[in-house]
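We number each residue from 1, following the sequence as shown. Any value given below was found using the heavy atoms of this structure, including those in side chains, with hydrogens, waters and symmetry copies removed.
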Amino acid sequence: AYPNPFRPGTDGLARVRFTLDAPSGVTLRVYDVSMRVVRTVEVGTQAAGAVEVAWDGRADDGRRVANGAYIYTVEA
């Protein structure tokens, strides 16, 4: 992911890049360093190949998260 540690950039987005071997439904989960889920992004079905998901730095409740390091998982 870029940037990590997260801090709002010029467009305020963090970008997570990954590659899929086959078309798949994708869910991105962002965690704080205590491993609490901060945000769940249902990306939907993506084609095989390179995928980029933008995270706006907001939690599921809409609040902006603090600058810092975040952990993410991609479920496909």
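Ile71 approaches Val33 most closely through the heavy-atom pair CD1-CA, 4.3 Å. A pairwise comparison of heavy atoms in Leu20 and Ala76 identifies CD2-CB, 3.7 Å as the closest pair.
No more than 12 heavy atoms of other residues, nucleotides or ligands lie within 6.0 Å of CG in Asp21, so this atom counts as exposed by the packing criterion.
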Apply side chain to side chain donor-acceptor pair (under 3.5 Å) to the pair Glu75 and Thr27, showing each step before the final yes or no.
-> CA-CA 5 Å; Glu75 182 180 320; Thr27 301; 5.3 Å; no

Test Leu28 against Val16 for side-chain contact (heavy atoms from CB on, under 4.5 Å), laying out the working first.
-> CA-CA 9 Å; Leu28 170 75; Val16 178; 4.1 Å; yes

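Considering only heavy atoms from C-beta on, Val74 comes within 4.5 Å of Val26 through its side chain. For the pair Arg15 and Leu13, the minimum side-chain heavy-atom distance is below 4.5 Å.
With ring centers used as reference points, Tyr70 lies under 6.0 Å from Trp55.
Remark: the backbone N or O of Thr40 is paired with a side-chain donor or acceptor of Asp60 at under 3.5 angstrom.
In summary, Arg39 and Asp56 engage in a salt bridge, as defined by a charged side-chain N under 4.0 Å from a carboxylate O.
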